[in-house]
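Report on the structure given below.
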Amino acid sequence: MPPLPFEKPVAELEAKIAELRQVASADIAIADEVERMQAKIDRLLAGIYAALTPAQKVAVARHEARPHFSDYVAGLFTEFTPLAGDRLFGEDAALLGGLARLNGRPCAVMGHERGRDTQSRITHNFGMARPEGYRKAQRLVALAARFGLPVVTFVDTAGAYPGVGAEERGQAEAIARSMQVFLAAPVPIVTVVIGEGGSGGAIAIACADRVYMLEHAVYSVISPEGCASILWRAAAQAEEAAAALRLTAQDLKRFSLIDGIVPEPVGGAHRHPEQAIQATGRQISRALNALTPWDGPALVQRRKANFLARAGGDL
Amino acid sequence: MAMNWLTDFIRPRIRSFVAPKDVPGDLWSKCPACEGMLFAPDLKTSHNVCTHCGHHLRMPVKDRLALLFDGRCYKTIAPPSVPDDPLRFRDRRRYTERLREARAATGLRDAITIAHGTIGGRGVVAAAFHFSFMGGSMGVAVGQGFLKAAREAVARRAALLAIPCSGGARMQEGALSLMQMPRTVLAVEEVRAAGLPYIVLLTDPTTGGVTASFAMLGDIHIAEPGAMIGFAGQRVIAETIRETLPPGFQTAEYLRENGMVDMVVPRKEMAAMLGRVLGLVMPDAEAA
């Protein structure tokens, strides 16, 4: 996998280490040298990642080695039992979900899955859900509400799929209804934006009691490319658009649109997926513990009040 | 309200709605659908419906509200004021500059008007979008306006009538505009919880985050003929699927065919249909 452009100095050092290891395998002097270079890499990475620009964060958020929904499920949940279908039209593999246990306690879990290789990306439609995905999400929330299970959602999508079939089957209605169902569910809901939070397709499963973002995740009303092509009339201005849109986790926190930021390992979640997954798991557990036990109506009331208080404030 | 809006408002509006470049003077314009010549006084009488082909041109909110409310009579309610430009957004131009320009051109503060009156004798609070104000896009001001309209409906025991005419979310307000989607959904919930009807009158165009929030959650969806209604833009879809789009794609009629809209009603019959529907769902006790 080619390194991100701003990671080039790191990649060069990593290549040198690999070279050293090849030329002399049992030399002690080389071990010292490798250690020294590794320390330099860590310093470099810490520096680079502390100062990522918004456009660079977009690239990190979309990094192909970044942990996906399925990785979080495998790393944090047991007995994951996928459930399929919206009972209306079909199954959508862009938005996966089902029942599982978190720390031994049953819950519902769902999220966008982008896929890893060409074949699985096609299977999962690059994480861009169709109405069936959002209707399955509604079904899962209703199921969780019926059995008193908390809901955990993972957001990672460029957006809801823009296709003829999706429009025909009511993409807009599916997203709107999904928000309505989430906002009225009498069980705790915790959302983590793990990669890209793309517009309506993201917020459809992010109307939660607690919303977190990974340190280098982004969450936006429109992709920087889309914004640039409309407002600058040039997709090449995506870098400027990324900055103007204020789409970083730090921006969202500053505007009080999310509850917290999950720190990523040095060099980003794609470098140490397991660390990122475990940190996310700890945040989810803390949030659910704080929300448990719950009184359904009071929980719904607070969730509604939270959203009304955001981005304008209640009247 | 003085009646001089007929002369002060309609004429300049018509000029801006139809391409005046290739038509002589102010009195004539061209139908964007059939290219037939339209005489301004005729267009006024027909409520901006093409006198040749029946194409529904866009219509200023003032005219639309006058057409819908009983006796052309309604009162506006000031939307809550919100701070401008929370992100200090700048593309090729500053957002504050675009706002200033839109305000100067329309005389509006933002893209939403709240009005109350009666339709068919039933109390109604309307939340109507101005496409002429930055494409009717929904930012914090519009979200707050919509919430205010819902609260007014509940306080007055009136129906809420949403009249979207919008390209979607206001990009210049980033995630703050995205948050207006759940916020307007909550506004609708308050009306429903109060047992009051929520009607959506879908006009051309209704797209993006506006469609994917309050506009698709009505008790009843009524659309104007030919109105473009959808989630994704046609250019984006065409680029994604690399195919030409089916004829009539994302029109009001297409949405009715696909089960997303209850009925497509011509403009001249709209007030009567709204009155009829409201009469059927609102008990007489709540007639205003």
Side-chain angles (χ1 to χ4, degrees), chain A residues 128 131 159-180 182-184 197 199-204 206-207 219-222 226-233 237 240-241 244-247 251-252 255 257-258 304-305 307-308 310-315, chain B residues 80 82 86-87 89-93 140-141 143-144 147-148 151 168-183 185-189 206-217 229-233 236-237 239-241 243 245-246 249-250 254-255 257-260:
Chain A
M128 293 188 286
Y161 186 63
V164 173
E167 293 288 319
E168 238 168 45
R169 300 191 298 277
Q171 187 72 286
E173 191 273 348
I175 291 170
R177 189 76 60 197
S178 189
M179 290 189 289
Q180 189 184 49
F182 271 73
L183 289 166
S199 193
I203 203 160
C207 295
Y219 194 0
S220 179
V221 68
I222 184 167
C227 179
S229 85
I230 296 170
L231 289 183
W232 279 265
R233 309 218 178 270
Q237 306 297 316
E240 272 180 72
L245 283 166
R246 315 273 183 215
L247 43 62
D251 289 325
L252 276 274
F255 288 107
L257 303 180
I258 57 169
K304 289 180 174 177
F307 273 88
L308 289 177
R310 277 171 186 164
D314 203 347
L315 301 178
Chain B
V82 308
L87 305 187
F89 190 97
R90 179 177 195 161
D91 49 82
R92 289 173 304 169
R93 297 167 56 206
V140 175
Q144 292 298 77
L147 183 59
K148 172 82 175 166
R151 296 267 166 91
R170 185 160 310 163
M171 278 175 290
Q172 291 89 343
E173 296 186 19
L176 293 167
S177 69
L178 184 66
M179 293 298 152
Q180 304 313 314
M181 293 173 66
R183 297 181 84 251
V185 169
L186 288 173
V188 168
E189 285 300 286
T206 300
T207 60
V210 164
T211 320
S213 58
F214 67 89
M216 278 291 131
L217 295 177
I229 306 159
F231 176 64
V236 175
I237 298 173
E239 278 168 12
T240 306
I241 62 169
E243 278 171 40
L245 301 172
F249 182 60
Q250 292 183 324
Y254 176 92
L255 264 85
E257 192 71 20
N258 285 295
M260 291 298 147

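Nothing here was measured: the structure is a model prediction, and the numbers come from that model. We name chains A, B, ... by the order of the sequence lines, and we start the count at 1 in each one.
Proximity to chain B is absent for every atom of Leu247(A), based on heavy atoms less than 4.5 angstrom apart. Contact annotation for Val82(B): neither backbone nor side-chain heavy atoms come within less than 4.5 Å of a heavy atom of chain A. Looking at Tyr161(A), the atoms closer than 4.5 Å to chain B (heavy atoms on both sides) all sit in the side chain, from C-beta outward. At a 4.5 Å heavy-atom cutoff, Phe214(B) makes no contact with chain A through either its backbone or its side chain. Contact annotation for Ser199(A): both backbone and side-chain heavy atoms come within less than 4.5 Å of a heavy atom of chain B. Heavy-atom distances place the side chain of Arg151(B), and not its backbone, under 4.5 Å from chain A. For Ser229(A), the part lying near chain B is the side chain, with the backbone staying farther off; criterion is any non-hydrogen pair under 4.5 Å. With a 4.5 Å cut-off on non-hydrogen atoms, Asp251(A) does not touch chain B at all. Heavy atoms closer than 4.5 Å to chain A are found in the side chain of Gln250(B), but not in its backbone. Both the backbone and the side chain of Arg92(B) have a heavy atom closer than 4.5 Å to some heavy atom of chain A. Both the backbone and the side chain of Leu245(A) have a heavy atom closer than 4.5 Å to some heavy atom of chain B. Within the 4.5 angstrom heavy-atom criterion, atoms from both the backbone and the side chain of Leu315(A) approach chain B.
Comparing Glu257(B), Glu173(B), Met181(B) by heavy-atom pairs within less than 4.5 Å of chain A, the highest count is held by Met181(B). Highest contact tally toward chain A, considering only Thr211(B), Leu176(B), Ile229(B), Leu87(B), is held by Leu87(B) [criterion: heavy-atom pairs under 4.5 Å]. Put simply, of Gly174(B), Ala169(B), Pro86(B), Pro182(B), the one with the most heavy-atom pairs under 4.5 Å next to chain A is Pro182(B). Comparing Val185(B), Leu217(B), Val140(B) by heavy-atom pairs within less than 4.5 Å of chain A, the highest count is held by Leu217(B). Of the listed residues (Thr240(B), Ile237(B), Val188(B)), the greatest number of heavy-atom pairs within a distance under 4.5 Å of chain A belongs to Ile237(B).
Of all non-hydrogen atoms in Ala232(B) and Glu167(A), the two that sit nearest each other are N-OE2, 2.8 Å. Among all heavy-atom pairs drawn from Ala311(A) and Met179(B), the shortest one is CB-CB, 3.6 Å. Nearest heavy-atom pair across Ile175(A) and Phe231(B) is CD1-CZ, 3.7 Å.
A distance of 11.5 Å separates CZ of Arg183(B) from CG of Leu183(A), quoted to the nearest 0.5 Å. Taking CE of Met260(B) as the reference point, atom CD of Gln171(A) lies at 10.0 Å (rounded to 0.5 Å). Here the straight-line distance linking atom CD of Gln180(A) with atom CE of Met216(B) works out to 13.0 Å at 0.5 Å rounding. Note that SG of Cys227(A) is 7.5 Å distant from CD of Gln172(B), once rounded to the nearest 0.5 Å. With values rounded to the nearest 0.5 angstrom, Phe89(B) atom CZ is found 9.0 Å from Arg246(A) atom CZ. Between the CG atom of Leu308(A) and the CG atom of Leu186(B) there is a distance of 5.0 Å, given to the nearest 0.5 Å.
Residues passing the salt bridge (Lys or Arg N to Asp or Glu O under 4.0 Å) test with Glu173(A) are Arg135(A), Arg177(A), sequence neighbours excluded.
At most 12 non-hydrogen atoms from other residues, nucleotides or ligands lie less than 6.0 angstrom from NZ of Lys148(B).
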